[in-house]
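Contents: one structure, followed by commentary.
Remember, it's 1-based here, ligands and their atoms both numbered in the order they're listed.
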Amino acid sequence: MSIVHTKIPEVIQLEPQVFEDDRGFFFEAYNHQKFAQETGIVANFVQDNHSYSKQNVLRGLHYQIQQPQGKLVRAIVGTIFDVAVDIRKSSTTFGTWVGHELSAKNKRLLWIPPGFAHGFLVLSEIAEVLYKTTDYYAPQGDRTILWNDPDLAIDWPLSTPPILSAKDQAGKPLRTAEVFD
Ligand SMILES: Cc1cn([C@H]2C[C@H](O)[C@@H](COP(=O)(O)OP(=O)(O)O[C@H]3O[C@H](C)C(=O)[C@H](O)[C@H]3O)O2)c(=O)[nH]c1=O
């Protein structure tokens with residue numbers, strides 16, 4: 001596994017070592033020791049999530065104000081544009097976003113630490129996304145930042161308006177949202 005830094009130092013792309021032969025391929029999607037060696041992060045993942053979405057679905061931007069979650073995200077079917085937003089008000093990159101394509105083809109993973117909002121847009125006909133989290137789901141702490149907050153100006157690769165849940169349509173702009181210290 002190798003790492004690819006993003007413009008936010010704490011958000012890290014991971015490229016697994018893929019072993020291909022005439023049967024197909026194999027790769028370690030997560031190895032606790034190698035993850036720690038490569039990133040310097042000792043993550044204790046407690047939950048695996050799996051979502052299936054149709055093209056143009058946008059899920060996000062989500063975070064938990066209580067029990068904030070670190071996330072290790074990958075697409076196992078299709079392609080997504082995966083976005084992380086720094087919502088730690090003491091951070092020098094507060095309000096900064098990064099977006100990277102994750103796909104079944106590139107097999108890349110994105111590590112998003114606690115203190116960030118996360119969302120993705122489905123670029124392919126369908127996408128299945130798996131992600132590990134470092135804390136459990138805490139619905140009472142679930143918060144949404146508006147996907148098209150003009151202050152964030154996230155450059156979503158959209159050609160038509162996205163498909164959003166009611167919750168995501170009602171997301172808050174960052175300037176009024178609960179954020180981290
Ligand atoms: C997140 C979650 C949801 N649920 C239940 C609650 C709802 O009845 C149903 C769908 O939840 P929601 O609409 O919040 O799912 P997403 O829009 O995919 O939310 C996720 O999308 C973005 C991209 C994230 O990073 C978060 O992990 C998460 O907020 O699953 C659970 O039972 N456990 C969970 O951990």
Query - ring pair (Phe, Tyr, Trp, His ring centres under 6.0 Å) partners for Y131, two or more places apart - result: none

One line per pair, note the atom names and distance for all nitrogen or oxygen contacts under 3.5 Å between ligand 1 and the protein.
from	atom 1	to	atom 2	distance (Å)
ligand 1	14 (O)	K167	NZ	2.7
ligand 1	18 (O)	R59	NH1	2.8
ligand 1	19 (O)	H62	ND1	3.2
ligand 1	21 (O)	H62	ND1	3.1
ligand 1	25 (O)	K71	NZ	2.9
ligand 1	25 (O)	H118	ND1	2.7
ligand 1	27 (O)	Y131	OH	2.8
ligand 1	29 (O)	H62	ND1	2.6
ligand 1	35 (O)	Q47	NE2	2.9

Query raised in the report: Any sub-3.5 Å donor-acceptor pair from Q47's side-chain atoms to Y137's backbone N or O?
Result: yes

Query raised in the report: What do you reckon, is CG of D181 surrounded by more than 12 foreign heavy atoms closer than 6.0 Å?
Result: no

Query raised in the report: Quick one: ring pair (Phe, Tyr, Trp, His ring centres under 6.0 Å) partners of Y30, sequence neighbours excluded?
Result: F35, F45

Query raised in the report: Got a sec, which residues hit side-chain contact (heavy atoms from CB on, under 4.5 Å) with Q67, two or more places apart in sequence or on another chain?
Result: Q64, D135, Y136, A138, Q140

Report task. Please check if atom NE2 in H5 has more than 12 non-hydrogen atoms from other residues, nucleotides or ligands closer than 6.0 Å. Result -> no

